[in-house]
Amino acid sequence: MIQTVRGVRDILPEETGRWWFLEETARRIFIQYGYRELRTPIFERTELFSRAVGETSDIVEKEMYVFQDRGGDSLCLRPEGTASVVRTFIENSQHRCLPWRVFYMGPMFRYERPQKGRFRQFHQIGCELFGPDGPLADAEMMSMVLRFFREIGIGDAVTLEINSLGCPVCRGPYRERLTAYLESVREVLCANCQRRMVRNPLRVLDCKEEGGSGVLQGAPAMRDHLCHGCEAHFQGLLGHLERLGLPYRINPFMVRGLDYYHRTAFEAVASGLGAQNAVAAGGRYDGLVAEMGGVSTPAVGFAMGMERLLLLLDENKVPVTRPDVYLVVAGEDLVTASGLMLAERLREAGLAVEMHLSGGGMKVQMKHAGRSEARIAVILGEQEVSAGMAAIKQMRTGEQEKIAMDQVVERIRLLLCQHH
RNA sequence: GCGGACGUAGCUCAGUGGUAGAGUCCUGGAUUGUGAUUCCGGUUGUCGUGGGUUCGAGCCCCAUCGUUCGCCCCA
């Protein structure tokens with residue numbers, strides 16, 4: 001038997017309702033904030049990601065799905081969404097249409113070891129905002145994210161963490177101070193951190209090892225070494241969050257894996273997801289557009305992991321999709337023919353109708369009606385059809401009545417209204 | 001890339017070297033025109049795969065593939 005490749009999975013019809021719920025809620029909320037959907041290709045030139053995400057990041061170094069096409073170009077399945085959005089922004093001269101607000105949703109690909117909440121093909125919903133450079137934009141975006149979480153019913157399960165990563169002006173000097181400090185406590189750090197010190201000292205702050213964390217409390221924090229501009233930006237952000245009454249936690253140890261972030265970084269973390277506790281993450285990347293060859297434009301964005309959100313979703317809050325009517329047709333050709341026409345009339349009236357197509361007796365068909373979870377079964381047998389009637393059964397109560405064929409639509413509408 | 005656990009019916013799992021099982025699901029009947037409850041019957045299988053040990057392997061050993069949890073990293 002041929003199976004799916006490692007780390008990818010089918011999303012069966014039983015699950016897609018939950019996906020729709022997330023996607024539809026996201027669209028509704030984002031549109032309220034002025035965002036419109038952008039759809040970019042699922043693969044790009046490899047160079048786009050190595051430049052945007054950073055040559056030394058783990059994503060580029062060991063996680064990209066790279067391949068050559070028949071022309072010999074090196075292409076890559078997108079490992080994240082922002083790089084493509086920035087490319088589109090530049091390629092289509094959207095700096096003439098500021099502010100530019102877009103959202104996207106779809107699959108991303110990373111060659112990683114799969115585990116809980118982590119897949120090789122996973123799905124993100126994200127937003128990017130180009131133009132505004134002040135903390136107002138950051139605050140509005142966080143507010144939108146939290147509204148989305150409340151709307152899908154996981155508001156209480158998620159905490160907003162924020163930090164400032166500084167900018168090119170202040171990050172360099174800070175990096176040196178941090179490195180100096182880490183050197184001084186080198187022996188206490190775990191083996192991994194000793195390695196990371198050289199490549200990316202900021203990452204050491206992220207260390208989860210028990211032994212190191214005590215020492216890290218004493219490490220110089222980026223926050224205390226922000227330049228004037230960055231400090232004002234951060235204070236401005238805190239002020240907006242306070243005014244909005246949004247709960248947040250400053251996490252001086254939060255750093256971002258992707259190289260392009262400046263100033264604001266934020267993350268929504270949830271408990272109960274094991275090591276993969278970040279359900280959304282984002283931040284400001286004021287330098288990226290210029291770096292990628294566009295007209296220098298500040299920007300801020302975030303992405304959410306759908307699989308992780310789904311792990312948090314409360315089943316009861318997801319609207320179920322089921323037919324309004326299951327149509328039972330027990331009889332000869334005349335019966336099924338009039339059933340076919342009745343089904344279309346009901347659909348014309350806007351109802352969701354599942355008609356029994358596979359023959360069988362009343363018992364079998366009723367069983368299917370029950371399984372379909374339809375609220376109403378319409379039963380057509382020889383008796384009904386010859387009398388110009390239809391039997392209407394409310395599945396929940398078992399109540400059944402006979403109605404003239406031309407009044408069936410009206411009657412069903414009434415019954416469906418009553419039970420809402 | 002590294003470490004641990006686990007692969008037995010569609011699903012959840014029991015089975016410590018001697019005839020492959022339970023629950024559920026599906027299906028037939030009790031009920032010749034009525035589902036979800038009840039009762040009775042039935043089908044469910046290369047025991048992940050390949051090798052080895054043994055008179056004999058679902059069980060022990062080796063390899064491999066897959067799943068899962070963690071590390072690294074990330075949504």
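Given the structure is predicted, the values throughout are model-derived calculations rather than measurements. Basis for what follows: all heavy atoms, side chains included, without hydrogens, waters or symmetry-related copies. Chain letters run A, B, ... following the sequence lines, proteins first, then strands; residues in each count from 1.
To the nearest whole angstrom, the two P atoms, one in B/C47 and one in B/A20, are 11 Å apart. Of the P atoms belonging to B/G17 and B/U12, the separation is 27 Å, rounded to the nearest Å. Using C1' as the reference atom, B/U38 and B/U46 are 38 Å apart when rounded to the nearest Å. Atom C1' of B/A9 sits at a distance of 12 Å from the matching atom of B/G23, rounded to the whole Å. To the nearest whole angstrom, the two P atoms, one in B/G56 and one in B/G52, are 12 Å apart. On the C1' atoms, B/C60 is 15 Å away from B/G18, given to the nearest whole Å. B/G10 and B/U27: their P atoms are spaced 16 Å apart (whole Å).
Computed from coordinates, the A/Met304 CE to B/C74 C1' distance equals 16 Å when rounded to whole Å. What separates CG of A/Leu312 from C1' of B/A75 is a distance of 12 Å, to the nearest Å. Note: CD (A/Glu15) to C1' (B/C11) measures 14 Å, nearest angstrom. Rounded to an integer number of Å, the gap from CE of A/Met362 to C1' of B/G29 is 18 Å. Atom CG in A/Leu12 sits about 16 Å away from atom P in B/G10, given to the nearest Å. Rounded to whole Å, atom C1' of B/A75 lies 14 Å from atom CE of A/Met254. In this structure, the CD atom of A/Glu267 is 13 Å from the P atom of B/C73, given to the nearest Å. As a whole-Å value, the separation of A/Glu112 CD from B/C71 P is 13 Å.
Regarding contacts with the backbone of B/C74, every side-chain N or O of A/Arg110 stays at 4.0 angstrom or more from both OP1 and OP2. Side-chain N/O atoms of A/Arg113 include none lying less than 4.0 angstrom from OP1 or OP2 on B/C74. For A/Gln124 and B/A75, the shortest distance from a side-chain N or O to OP1 or OP2 is not below 4.0 Å.
For A/Arg28, the salt bridge (charged side-chain N to carboxylate O under 4.0 Å, His left out) test picks out A/Glu151, with sequence neighbours left out. Residues satisfying the side chain to side chain contact (heavy atoms under 4.5 Å, CB included) criterion with A/Asp10, sequence neighbours excluded, are A/Thr4, A/Leu12.
Considering only the side chain of A/Met366, B/G35 comes nearest among B/G35, B/A75, B/G66. Residue A/Lys62 places its side chain closer to B/C72 than to any other of B/G33, B/C72, B/G70. Set against B/U31, B/G70, B/A75, the side chain of A/Lys363 has B/U31 as its closest nucleotide. Which of B/G70, B/G66, B/G35 sits closest to the side chain of A/Arg6 comes down to B/G66. Taking only side-chain atoms of A/Gln115, from C-beta outward, the nucleotide of B/C72, B/G33, B/U34 with the closest atom is B/C72. If you check B/C72, B/A75, B/A36 against the side chain of A/Lys367, the one that comes closest is B/A36.
Pair assignment for B/G50: B/C62, on the basis of Watson-Crick or G-U wobble contacts that are both within less than 3.5 Å.
For OH of A/Tyr248, the number of neighbouring non-hydrogen atoms (other residues, nucleotides, ligands) closer than 6.0 Å is greater than 12.
Under 3.5 Å, the side chain of A/Gln365 and the base of B/U34 form no donor-acceptor pair of N or O atoms.
Among the protein residues, A/Ala280 comes within range of the sugar-phosphate backbone only, with heavy atoms under 4.0 Å from sugar or phosphate atoms but none that close to a base. If you check every strand for non-hydrogen atoms under 4.0 Å, A/Arg371 touches sugar and phosphate atoms only.
For an aromatic pair to be called close, the ring centres must be under 6.0 Å apart, and A/Tyr35 with A/Phe103 fails this.
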